[in-house]
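Note sheet for the following structure.
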Amino acid sequence: MPPPFQFGALLGKTGTRFSAWAPGKKSAAVDIVGKGRHSLDALGEGYFAATIEDVGAGARYFFSFDDGKDVPDLASRWQPEGSAGPSVVVDPAFRWTDDQWQGVPRDNQVIYELHVGTFTPEGTWRAATDKLQHLREIGVTVIQIMPIGTFKGEFGWGYDTILPYAPFAPYGSPEEMRRFVNEAHACGIGVILDVVYNHVGLGEHYTAYGDGYLTDKFESEWGASFNFDGPEARAVREFVIGNAVYWIEDFHVDGLRIDAAQAMFDDSEEHILTKLTRAVRNAAAPRSAYIVVENQPQERRMVLPASEGGHGVDAMVSDDFQHSVRVASTGHDDFYYRDYRGTPQELVSALKYGFLYQGQRSDMRDKAYGTYNLDTHAQHFVHFLENHDQVANSARGFRLSTLLTPARLRAVTSLLLLGPQTPCLFQGQEFGATNPFLYFFGIDGNEARAVAKGRRESLENFPGVRDPAMASKLPDPSDRTTFERSKLDWSETQKHDGLLALHRDLLALRRGDPTFSHRTERRIDGAVLGDAAILLRFLTPEPGGHRLLLLNLGRDLHMSVIPEPLLAPPDGHRWLPTWSSEHPDYDGAGRRPVEPDKFWILPSDCAVLLRSEVNA
C-alpha cells in the first residue's frame, strides 16, 4: 500500500510542494500571486503535484483544473480572505514548550465546550488564551472547541466546514491557535477539536475538483456526504484522515469530538471511523488521544475495540441525561423531549446506565431506539446540561440560568458534576451566563434566506414557536446582531460568583475524593425517595469510601419513614453531611440540619452530599 498522499501546500527547504487530487481532470496548475501560473505533474489516478522553487510562507495561490476557474486549495492551511479567496502557504514551525505533556487519558476528565467567536468579546484565539487560567481554576481538564475549519460567511457555528485544514481566519492566525494549545497544556488542560466529516457544507469547491469527493449514495439531512466507500474512495479517506492527523501533529491537539458520526456513511470492510481513530492514536503516540463522538443511534459499537467489531473511540455524548433533567427541572416535554417524563426513576437510570434508550421504543421515532449499554462503563458517556444545540434549539436561546430558579439550577448541577459519567460544561454555564446562545450564520442572499427558512421550520416543532407573536421575533441567523448577542459577558463572573464557587467546589470534590474517580472499584446504585427526589449511592470496597447524594426537586420532603436500604450507612459507620447546594457561599439559604438517625427534612430544590465515617 503506498503511503498516504500529502494534500495541500507543504513548505520545504527551497520551495513549496503543491499537491491536489482531482479525479477525471486532465491537467492541473497552481497560480501563485505575483509569481504566475505553474503546471502540476500528473501522477496518475487523479493525483497532481509539483515543487515550485523560491515560494515560501505567506505566498498566496489558487488551483485550477483543465484551464478552468481558480479555486482555493481544499487542503488550504489558511484563508485570510475567506473561503473563496486565495489560499496561503503556512510555515508549521512553532516553538512548542509542551514536551512533558502526556495527552488526555479516557478517565477522570471534565470537558468544557466553547465557540471561539463568542467565548470572548474579541472572539479570537488570543482573547481565549487569556481565559485559560479561569478554566484551570474551576477544574476543567479538556477544552472542546466547536469547529474551526473555514466555512462560508463572516461568522457561524462552524458545522458547515468547506476547507477543513484552514483555521477560520477571523479567530486569528494558525500560529495564534498553536499558542492557545501550547498555553492550555501549560495550564494542565487538553484541547480537542469538534470536526465535521459527515458533510461538506455550502460551496462548490469540491465539485470543481471532480466528482470523486462526494456521493449521492446515502441521504443526509445536512447536504452532500463524503465518498468513503465508492470506486475512488481511497483518496477521500486519505483526505479526511489526513485532516484529523494534521490537527494532532501540526497543532498538538489532544483528540477530536466527531460530529454526527452516524452520518459518516461507509460500507467499506473497515469503516472510516475505525481507521481514523487508529490513525489519530498513532499520530499522538506516545501521548494519549481522547476521541468523543456524537452518535444519535447510541451505538455500543462506537466504544467497543476494533478487535470486537467496534470503532474504539473513548466516549459517546448522551442526550438522554440532558433531556430527562430538562423535563424534570422545567416541566416541559414538547418535540423531542416527549420521549422523557423527567421522573426520579429516569434520573436514577441515566446516572446508572448512561443512556436511557437502549433498544426500546421511542415515541418520537415510533421505533426502537438505542443499543444495549447496561454494562458500558460510565467513563464512556459524556453528560451535559447545556451545549450549543440544546441551548439554541429554542425560540430565544435561553440558558438554564434564565429558565430555572437559582436553587434548582444549583441542585441539578450537582447531578452533572458529581455523577459517574464524564461531565461537559458549555461556555459560561459555570457562572450562570444569562445572554442567549443563538444559531448564527453570516451569509447573505438566497442562501441566507434558505437557512433562515429551514431554521424557522425546525423550531416550529416546538408549539410555542408557532405563536405568531413569537414567530415574528425569531432571530435572523445572518444578522450580525444575532452573533453579537451570543457573546459571553464576563462581568457576570462577579455578579454570579456564588454559582461559580459551586462549580469550583464540586469539581474539587470530584478531583480530590477517590470515590468519584473512574479508576476506583466503585459501584453506583440509586433509588427514588419521592415524587421528585432521588438518592445516588456510591459503594466502594472500603466502607469509608461510601457517599450518598440526595436531590429533591419537589416540595420539602419529610425524611421520617423511608424504607430504602440504600439510605443505610455501612456497618459501624454513620452519615455526615459534607456538601450542600444551599451553602451561603453559593447564595443559598443555608443548609437545614441533616440528622439521618432522626427525623429531618430534605428541602425543596436542594442537593446534599453525605460521606461515611466510623461511628465515634
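The structure presented is a predicted model; accordingly, all values stated were derived computationally and were not measured.
Between Arg179 and Glu175, at least one side-chain N (NZ, or NE/NH1/NH2) sits under 4.0 Å from a carboxylate O, which counts as a salt bridge. Electrostatic pairing of Arg456 and Asp476 does not count as a salt bridge here, judged by no charged N lying under 4.0 Å from a carboxylate O. We find that Asp250 and Arg77 are not joined by a salt bridge, their nearest charged nitrogen and carboxylate oxygen being 4.0 Å or further apart. Looking at Glu294 and Arg257, a side-chain N of the basic residue comes within less than 4.0 Å of a carboxylate O on the acidic one, giving a salt bridge. At a threshold of 4.0 Å, the pair Lys152-Glu447 counts as salt-bridged, since one of the basic side-chain nitrogens sits closer than that to a carboxylate oxygen. Taking 4.0 Å as the cut-off between side-chain N and carboxylate O, Asp266 and Arg237 count as a salt-bridged pair. Salt bridge status for Arg281 with Asp314: present, with a side-chain N to carboxylate O gap under 4.0 Å.
In this structure, a donor-acceptor pair under 3.5 Å is absent between the side chains of Gln6 and Ser19. Thr124 and Glu176 form no side-chain donor-acceptor contact under 3.5 Å, judged by distance and modelled atom types alone. Of the N and O atoms on the side chains of His199 and Ser225, not one donor lies less than 3.5 Å from an acceptor on the other residue. Checked by atom type, the side-chain pair Thr129/Glu183 shows no donor-acceptor distance below 3.5 Å.
The ring of Tyr165 has its center no closer than 6.0 angstrom to the ring center of Trp78. Under the 6.0 Å cut-off for aromatic ring centres, Trp21 and Phe48 do not qualify, their centroids lying 6.0 Å or more apart. Between Phe239 and Tyr213, the ring center distance clears the sub-6.0 Å criterion. Taking the six-membered ring where the residue is Trp, the centroids of Phe5 and Tyr47 are separated by under 6.0 Å. Ring-centre distance between Phe226 and Tyr197: not below the 6.0 Å cut-off. Residues His252 and Trp101 place their aromatic rings such that the two centres sit no closer than 6.0 Å. For Trp157 and His115, the ring centers sit 6.0 Å or farther from each other. Checked against the 6.0 Å centroid threshold, Tyr171 and Phe168 count as a close aromatic pair. For Phe437 and His388, the gap between ring centers reaches or exceeds 6.0 Å.
For the pair Pro23 and Gly212, the tightest heavy-atom approach, listed with the atom from each and the gap, is CG-N, 3.7 Å.
In this structure, Arg178 is positioned above the aromatic face of Phe251, its NZ or CZ under 6.0 Å from the six-membered ring centre and within 45° of the axis.
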Check: Could you go step by step and tell me if Glu238 and Arg234 meet the salt bridge (charged side-chain N to carboxylate O under 4.0 Å, His left out) rule?
Finding: CA-CA 6 Å; Glu238 287 180 339; Arg234 181 171 71 88; 3.1 Å; yes

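Summarising the local packing, CZ of Arg480 is surrounded by more than 12 heavy atoms from other residues, nucleotides or ligands at distances under 6.0 Å. Atom CD of Gln102 has 12 or fewer heavy atoms from other residues, nucleotides or ligands within 6.0 Å.
For the side-chain contact (heavy atoms from CB on, under 4.5 Å) with Leu416, the qualifying choice from Gln429, Gln421, Gln322 is Gln429, the only one to do so.
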